[in-house]
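Heavy-atom basis, side chains included; hydrogens, waters and symmetry copies ignored. Throughout, numbering of the chain's residues begins at 1 and tracks the sequence.
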Amino acid sequence: MQAGSTTAFTWQEIEQDWLGGSSGLAAAADDVVVAFNTVAAYFGRDWVEASRARSGGPTRGMWPTLHIVALGRRFAALDGIPNSQVLLDKLRRHQPDAIAELTSIYLIRAGNPEGVVETEPEIRVGARNRKPDFRVMVTGQPWTYVEVTNPNESGAQRDVLRGIEQLTSLLEECTGSFALEVFLKREPTAAELGELQEHIMRGHRNTARSEVELPLSLGTMYWNHQQPGNAVLENHGEAYTPRLGRMAAVIADGDHRHVMVRWPFTDTRVETFIRHEARQLPTDAPGLIMIQTSGTVGAMKAWCSLIEPRFQPRLHTRVSAVCLFGSAVRPTPAGEEWTPACKIISNPHARFPLPLWITQQLGRFPSDEPDI
């Protein structure tokens, strides 16, 4: 642990200066203070303060506060781990891959002080030297080697976002007051996207409530089903599917209008990640791939059904299991809370099964996302 500022955070300071006078956190005041001072002990008060700087000034409220609380909890999982300085240096630089690795270690060590972790162990796989992200064990159990991946936004996802932008940006060319939701049931072709733009430009002057069914089951345009500026997410009787969406609004000359687009999209790159990460795992010990799903649309719901068929007697046998994980700030009866969650997909054809203690440990953080 690196020495930071000697001035400790107090609850009064956090409550007034970070939360703005009201808490609303599920965490107890003492736990919040411990988390803040844990991060400050590693990186110093200046780093903690800089974490909430936006547009030249500090932000206040639940989100910047819970960011430090969640980070402090995860830092506690590094206690006693040798060779963690490389990971800490990456965390200091706010590298997303390092956050994913830290969260993985937290999931395996939280409430489990007997879990031993070593970062970047050197192993021999065939004729090559490899360095998995870390390995874990408890007394009497074999080492399990862990690879962590944090997928970036896919090219396909960027293409969808560009299509959404083409539709929502038309708001600047429209006039009057209206509310429009473009609810797509499938991906439009380039020609259909152009036709959608023409629909919007032709129809925006009509202030009546209406539904326009698009050709070839493309979707529906819901005109003025809500008040301008009031967005309500619903599936309109359709079965759930992951979607990307965006809403744009304009207030000008007394008019208020908005366009919301919801576009079905599921990231399906999981086979690529498994194939790539499996190369880092040994052939003579259990291997676990942990995939951070926060940046992959629909992954927590859709990837179990994509992963299971990839586990075959002659394919990915060095992978004992895949763990999909993520975290979010969620409301609880006690207040807002940072909550990690994961799903484990075991490989029935693995050379070595995932040790039961790891399965049980990860099972302490179940995801409530349904599989599709």
Side-chain angles (χ1 to χ4, degrees), residues 151-270 272 293-303 305-306 326 328 369-372:
N152 295 320
E153 184 181 90
S154 69
Q157 181 172 333
R158 288 192 292 272
D159 289 342
V160 170
L161 293 173
R162 279 193 289 268
I164 292 174
E165 173 66 20
Q166 284 181 249
L167 297 178
T168 56
S169 64
L170 293 175
L171 200 63
E172 299 292 341
E173 302 178 34
C174 297
T175 57
S177 294
F178 66 87
L180 170 62
E181 178 185 358
V182 181
F183 184 83
L184 299 176
K185 299 177 184 178
R186 60 173 176 83
E187 183 174 357
T189 65
E192 288 173 327
L193 187 59
E195 292 168 3
L196 270 171
Q197 292 174 279
E198 293 176 6
H199 275 300
I200 293 173
M201 294 310 297
R202 285 198 306 266
H204 76 269
R205 294 182 181 86
N206 186 352
T207 59
R209 175 187 172 106
S210 64
E211 297 179 14
V212 178
E213 293 296 326
L214 300 169
L216 302 176
S217 301
L218 177 60
T220 307
M221 301 176 73
Y222 294 93
W223 289 97
N224 302 306
H225 279 235
Q226 306 294 334
Q227 291 296 314
N230 181 32
V232 178
L233 298 180
E234 58 176 299
N235 288 327
H236 301 290
E238 296 291 320
Y240 170 82
T241 189
R243 296 177 183 276
L244 285 168
R246 181 176 185 267
M247 175 181 167
V250 167
I251 301 176
D253 300 325
D255 294 327
H256 192 175
R257 52 188 177 270
H258 81 246
V259 173
M260 180 169 64
V261 179
R262 298 176 63 202
W263 187 310
F265 178 79
T266 300
D267 194 319
T268 58
R269 296 174 294 162
V270 66
T272 301
T293 63
S294 298
T296 49
V297 178
M300 192 65 88
K301 293 184 174 73
W303 278 10
S305 62
L306 297 177
E369 300 276 10
D371 293 333
I372 59 172

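- Looking at N224, its side chain does come within 3.5 Å of a backbone N or O of T207 through a donor-acceptor pair.
- Residue E238 is tested with K185, R262, R243, R186 for a salt bridge (Lys or Arg N to Asp or Glu O under 4.0 Å); the sole match is K185.
- When atom types are taken as modelled, the side chain of W263 and the backbone of P188 share no donor-acceptor pair closer than 3.5 angstrom.
- Of the possible donor and acceptor atoms, one in the side chain of H225 sits under 3.5 Å from a partner among the backbone N and O of S210.
- Counting heavy-atom neighbours within 6.0 Å of Q227 CD, excluding the residue itself, gives a total of 12 or less.
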Can you check side-chain contact (heavy atoms from CB on, under 4.5 Å) on D371 and S305, steps first, answer last? CA-CA 8 Å; D371 293 333; S305 62; over 6 Å; no
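- The structure places OG1 of T266 at 10.5 Å from CH2 of W303, a figure rounded to the nearest 0.5 Å.
- L216 approaches E192 most closely through the heavy-atom pair CD1-OE2, 4.2 Å.
- Side-chain atoms of R246 do not come within 3.5 Å of backbone N or O of T168 as any donor-acceptor pair.
- Contact annotation: the side chain of D255 never approaches that of T175 to less than 4.5 Å [non-hydrogen atoms, C-beta and beyond].
- Considering every non-hydrogen atom in both P151 and R269, the closest pair reads CB-NH2, 3.8 Å.
- Atoms CZ and CG, on R162 and L193 in that order, are 12.0 Å from each other to the nearest 0.5 Å.
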Worked verdict on V261 versus L196 for side-chain contact (heavy atoms from CB on, under 4.5 Å): CA-CA 11 Å; V261 179; L196 270 171; over 6 Å; no
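- In this structure, the side chains of L184 and P264 come closer than 4.5 Å at one or more pairs of heavy atoms.
- Taking CG of L306 as the reference point, atom OG1 of T268 lies at 7.0 Å (rounded to 0.5 Å).
- In terms of modelled atom types and a separation under 3.5 Å, the side chain of R257 and the main chain of G176 share a donor-acceptor contact.
- Side-chain polar atoms of E181 and H236 form a donor-acceptor pair below 3.5 angstrom.
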Mind running side-chain contact (heavy atoms from CB on, under 4.5 Å) on W223 and N206 for me, showing each step along the way? CA-CA 8 Å; W223 289 97; N206 186 352; over 6 Å; no
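- Within the model, atoms CD of Q197 and CZ of R202 stand 12.0 Å from one another, a figure rounded to the nearest 0.5 Å.
- Between the CZ atom in F183 and the CE atom in M221 there is a gap of 14.0 Å [rounded to 0.5 Å].
- Counting heavy atoms from C-beta on, the side chains of H258 and L180 never come closer than 4.5 Å.
- Looking at every heavy atom in both residues, G326 comes nearest to S294 through CA-OG, 4.0 Å.
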Under the criterion side-chain contact (heavy atoms from CB on, under 4.5 Å), I'd like the reasoning laid out for L170 against H204: C-alpha separation, chi angles, the key distance, then a yes or no. CA-CA 10 Å; L170 293 175; H204 76 269; over 6 Å; no
